[in-house]
Amino acid sequence: MANESMVPLLPCASIDEIGDFAAALGFEVTYRQTRPNPYLALRREGIDLHYFGIEGFRPEDSYGSCLVVVDDTEPLYDAWAAGLRAAHGRLPLSGFPRITRPRRRANADGLSGFSLVDPSGNWIRVVRRAAESPAGDAVDAAEATGSVSDVAAGGVAAAELGAALEGESRLLRAVSNAVVQADSRGDVGQAAKILDGALRREEALAEAGASARDRVEAQAYRAELAVRLDDAGTARRMLDEVDRCVAAARGQHLTQDLTTILTQLEDVREWLAAQG
């Protein structure tokens, strides 16, 4: 059969709140009703999202989730981040709504992904399209569940799963594990514990440890996790550590990806400024 399509139906407390949120992301309303039951249909290019209203629904109680599979995560992230900044005055990294950044996922064969959490707590998970193979479906499933073992169960060999991490420092492997916990599973506390332990080990190793570039990436991600945990003290401490690392490397060439990381930290600085 041809021309089939499937549309996720997600719960929400208010279709009006969702409508305003979606408009900032470039969605258009294709259908709306308030009686007998609140219902809202949205579309943005090839993405369809439908919402049904539940009185008293709390975002903390939501298990709603869906996958958006794209060829490249960056353009969609940039568009949605710009819309969120325009609507909220800064990029929302915590609370409802919020967004994570595109990062390689160890549970998605090293492919990039990010998550948008809507005002009702539903996770809209954007993942880069995997290679056309039976394993590709397993990669998508692993991202949706936050599980590495799901990929292995789908037939992806352990060596293939770890290929994206091959040659990386122990610290960056810890970052990859933390990304799975926080950005796929939503367990920010566990991700913070992983990075805290890894950073303590690097401090003990001193010059024998990871490069300044790798430390900056880990510290920057830990600062972002601190924002999600409403931990201003740790966020400030991590920014100070980043500044020290960059100062120590002064005169050295900064790679493009590191420059991007430093630019993204401005969102953390804005959050801290708003805390007073």
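Because the structure is a prediction, the values reported are computed rather than measured. Positions are given from 1 along the sequence.
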Enter the distance from [X]:[atom1] to [Y]:[atom2] here, rounded to the nearest 0.5 Å.
X    : Y    : atom1 : atom2 : result
Q264 : Y221 : CD    : OH    : 12.0 Å
E217 : S169 : CD    : OG    : 8.5 Å
E17  : D118 : CD    : CG    : 8.5 Å
I18  : N122 : CD1   : CG    : 7.0 Å

Report, one line per pair, each donor and acceptor closer than 3.5 Å where one atom sits in a side chain of residues 68-77; sequence neighbours left out.
from: D71; atom 1: OD1; to: R129; atom 2: NE; distance (Å): 2.9
from: D72; atom 1: OD1; to: E74; atom 2: N; distance (Å): 3.1
from: T73; atom 1: OG1; to: S112; atom 2: OG; distance (Å): 2.8
from: Y77; atom 1: OH; to: R101; atom 2: NH1; distance (Å): 3.0

Within a 6.0 Å radius of atom [atom1] on [X], are there more than 12 heavy atoms belonging to other residues, nucleotides or ligands?
X    : atom1 : result
R44  : CZ    : yes
Q275 : CD    : yes
R170 : CZ    : no

Side chain to side chain donor-acceptor pair (under 3.5 Å) between Q181 and R185, worked out: CA-CA 5 Å; Q181 295 298 322; R185 295 187 59 198; 2.9 Å; yes
For A191 against A182, the heavy-atom pair lying closest together: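 A191 and A182 have their closest heavy atoms at CB-CB, 3.6 Å.
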Minimal non-hydrogen separation, F57 against S120, with atom names: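 Taking every non-hydrogen atom into account, CE2-O, 3.4 Å.
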If you group Ile, Leu, Val, Met, Phe, Trp and Tyr by side-chain heavy-atom gaps below 4.5 Å, do [X] and [Y] land in one group?
X    : Y    : result
L9   : I54  : yes
L225 : I194 : no
L40  : L116 : yes
L262 : L171 : no

With a 4.0 Å cut-off, would you call [X] and [Y] a salt bridge?
X    : Y    : answer
D16  : R32  : yes
R90  : D267 : no
R200 : E203 : no

Going by heavy atoms in the side chains, are C12 and F52 under 4.5 Å from each other?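 C12 vs F52: side chains apart.
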Is it true that a side-chain atom of R105 and a backbone atom of G113 form a donor plus acceptor pair closer than 3.5 Å?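 Such a contact is found between R105 side chain and G113 backbone.
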So, does R215 use its side chain to make a donor-acceptor pair with the main chain of C245 at under 3.5 Å?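 Absent.
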Working for salt bridge (charged side-chain N to carboxylate O under 4.0 Å, His left out), residues E241 and R237: CA-CA 6 Å; E241 292 292 336; R237 180 166 59 84; 5.7 Å; no
Here's a test for you: under side chain to side chain contact (heavy atoms under 4.5 Å, CB included), which of V117, L25, L49 qualifies with I124?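 Exactly one candidate clears the test, L49.
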How would you list, by chain and number, every residue that makes a side-chain hydrogen bond (donor to acceptor under 3.5 Å, both in side chains) with S94, sequence neighbours excluded?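 With sequence neighbours excluded, S94 shows a side-chain hydrogen bond (donor to acceptor under 3.5 Å, both in side chains) to no residue whatsoever.
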May I ask you to check whether Y31 and Q33 show a side-chain donor-acceptor distance below 3.5 Å?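 On atom types as modelled, these side chains qualify, holding a pair under 3.5 Å.
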After noting the C-alpha distance and the side-chain angles of D231 and R236, does the key distance pass the salt bridge (charged side-chain N to carboxylate O under 4.0 Å, His left out) rule? CA-CA 9 Å; D231 182 358; R236 288 193 178 92; over 6 Å; no
